[in-house]
Q: 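Below: one structure in structure tokens.
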Amino acid sequence: MKGSYFLVIRLEEEKRIRTKGKAFELKPGYYVYVGSAMNSLEKRVARHFRREKRLHWHIDYLLKEAELLRAYLILSGVKLEEDLSREVSKFGEPVPGFGAGDVRVSTNLYRFEDEPDEALRGILDKLGLGWKIVKSEDDIGKTW
């Protein structure tokens with residue numbers, strides 16, 4: 001399955017997240033990370049739910065310190081990551097330079113003061129995309 005995804009993350013307290021080459025000062029709140037997986041959407045998102053993994057992407061370093069609440073799996077044969085990120089930027093506060101090394105947006109991580117689901121569902125409905133919410137690695141394999 002191909003597509004994109006949103007990760008909805010809660011950070012309880014202010015944290016300095018250090019990646020291989022950068023450090024990000026993050027305030028408490030809800031964060032939405034926008035990603036894509038054009039080979040195996042289910043495997044990519046399942047990896048994000050795992051606590052034990054090799055740290056590779058910026059998001060891996062954040063998830064080590066924060067709680068992944070849920071993911072939105074968005075089916076698409078075309079890469080929508082940049083378009084979705086631009087849409088989320090209309091609602092959330094951007095974290096410049098986070099997780100956007102291979103796309104033409106300045107970030108793929110956005111902070112929200114409150115739960116972001118209303119905004120995310122609005123974006124997906126506006127774009128007419130098929131999606132489902134998963135709350136654990138076990139949810140991923142369940143039927144659409």
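Hydrogens, waters and symmetry mates play no part in the numbers below; they use all other heavy atoms, side chains included. FYI, the numbering just counts along the sequence from 1.
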Q: Flag the pair Glu137 and Arg47 as a salt bridge only when some basic side-chain nitrogen lies within less than 4.0 angstrom of an acidic carboxylate oxygen.
A: no
Q: Do you reckon Leu55 sits in the same ILVMFWY cluster as Leu109, going by side-chain contacts under 4.5 Å, direct or chained?
A: yes
Q: Less than 4.5 Å apart, side chain to side chain, heavy atoms only: is that true for Lys15 and Phe24?
A: no
Q: Would you say that Glu14 contacts Leu26 through its side chain, given a criterion of any heavy-atom pair below 4.5 Å between the two side chains?
A: no
Q: Can you check whether Val78's main-chain N or O pairs, donor with acceptor, with Lys2's side chain at less than 3.5 Å?
A: no
Q: Can you find a pair of side-chain heavy atoms, one from Pro28 and one from Glu12, that are under 4.5 Å apart?
A: no
Q: Over 60° means perpendicular and under 30° means parallel, so tell me whether Phe98 and Tyr33 are parallel, tilted or perpendicular.
A: perpendicular
Q: Would you say Phe49 and Leu11 are hydrophobically clustered, going by side-chain heavy atoms of ILVMFWY under 4.5 Å?
A: yes
Q: Judged by modelled atom types alone, do Tyr72 and Ser4 share a side-chain donor-acceptor pair under 3.5 Å?
A: no
Q: Please give me the minimum heavy-atom distance between Ser76 and Met38, naming the atom from each residue.
A: O-CE, 3.6 Å
Q: What about Leu129 and Val8, same hydrophobic cluster or not, with Ile/Leu/Val/Met/Phe/Trp/Tyr joined at side-chain heavy-atom distances under 4.5 Å?
A: yes
Q: Nearest 0.5 Å, what's the CG-CG distance between Leu75 and Leu73?
A: 7.5 Å
Q: Where the side chain of Lys22 meets the backbone of Gly97, is there a donor-acceptor pair that is under 3.5 Å apart?
A: yes
Q: Can you name the residues that form a salt bridge (Lys or Arg N to Asp or Glu O under 4.0 Å) with Glu93, not counting sequence neighbours?
A: Lys27, Arg111
Q: Is a side-chain donor or acceptor of Ser89 paired with a backbone partner of Arg86 at a separation under 3.5 angstrom?
A: yes
Q: Might you work through the side chain to side chain contact (heavy atoms under 4.5 Å, CB included) test for Thr19 and Trp57, ending with a clear yes or no?
A: CA-CA 8 Å; Thr19 65; Trp57 293 291; over 6 Å; no
Q: Would you confirm whether Lys64, through its side chain, and Tyr61, through its main-chain N or O, come within 3.5 Å as a donor-acceptor pair?
A: no
Q: Could you check whether any side-chain N or O of Tyr110 sits under 3.5 Å from a backbone N or O of Thr107, counting only pairs where one atom can act as donor and the other as acceptor?
A: yes
Q: When you compare the side chain of Ile74 with that of Leu84, does any pair of heavy atoms fall below 4.5 Å?
A: yes
Q: Please name the pair of heavy atoms, one in Pro116 and one in Val32, separated by the smallest distance, quoted to 0.1 Å.
A: CG-CG2, 3.5 Å
Q: More than 12 heavy atoms of other residues, nucleotides or ligands under 6.0 Å from NZ of Lys135: is that the case?
A: no
Q: Provide the closest heavy-atom pair for Lys53 versus Arg50 in the form atom of the first, atom of the second, distance.
A: NZ-O, 2.9 Å
Q: As a quick check of understanding, evaluate side chain to side chain contact (heavy atoms under 4.5 Å, CB included) for Leu80 and Leu127, giving each step before the final call.
A: CA-CA 10 Å; Leu80 298 172; Leu127 297 175; over 6 Å; no
Q: Who are the salt bridge (Lys or Arg N to Asp or Glu O under 4.0 Å) partners of Arg54, not counting sequence neighbours?
A: none
Q: Are Leu120 and Ile133 linked, directly or through other ILVMFWY residues, by side chains that come within less than 4.5 angstrom of each other?
A: yes
Q: Between Asp125 (side chain only) and Gly122 (backbone N and O only), is there a donor and an acceptor less than 3.5 Å apart?
A: no
Q: List the atom of Leu7, the atom of Ala71, and the distance in Å for their closest heavy-atom pair.
A: CD2-CB, 3.7 Å
Q: Indicate yes or no: does Glu42 engage Arg44 in a salt bridge with an N to O separation below 4.0 Å.
A: no
Q: Check Glu118 with Arg121, please: is the shortest side-chain N to carboxylate O separation under 4.0 Å?
A: no
Q: Tell me every residue that passes salt bridge (Lys or Arg N to Asp or Glu O under 4.0 Å) with Arg70, counting only those two or more places apart in sequence or in another chain.
A: Glu115, Asp117
Q: Between Glu82, His58, Glu81, which is the residue that forms a side-chain hydrogen bond (donor to acceptor under 3.5 Å, both in side chains) with Asn108?
A: Glu81
Q: Indicate if Leu69 and Val88 have the same hydrophobic cluster label, given that clusters are the connected sets of ILVMFWY residues with side-chain heavy-atom separations under 4.5 angstrom.
A: yes
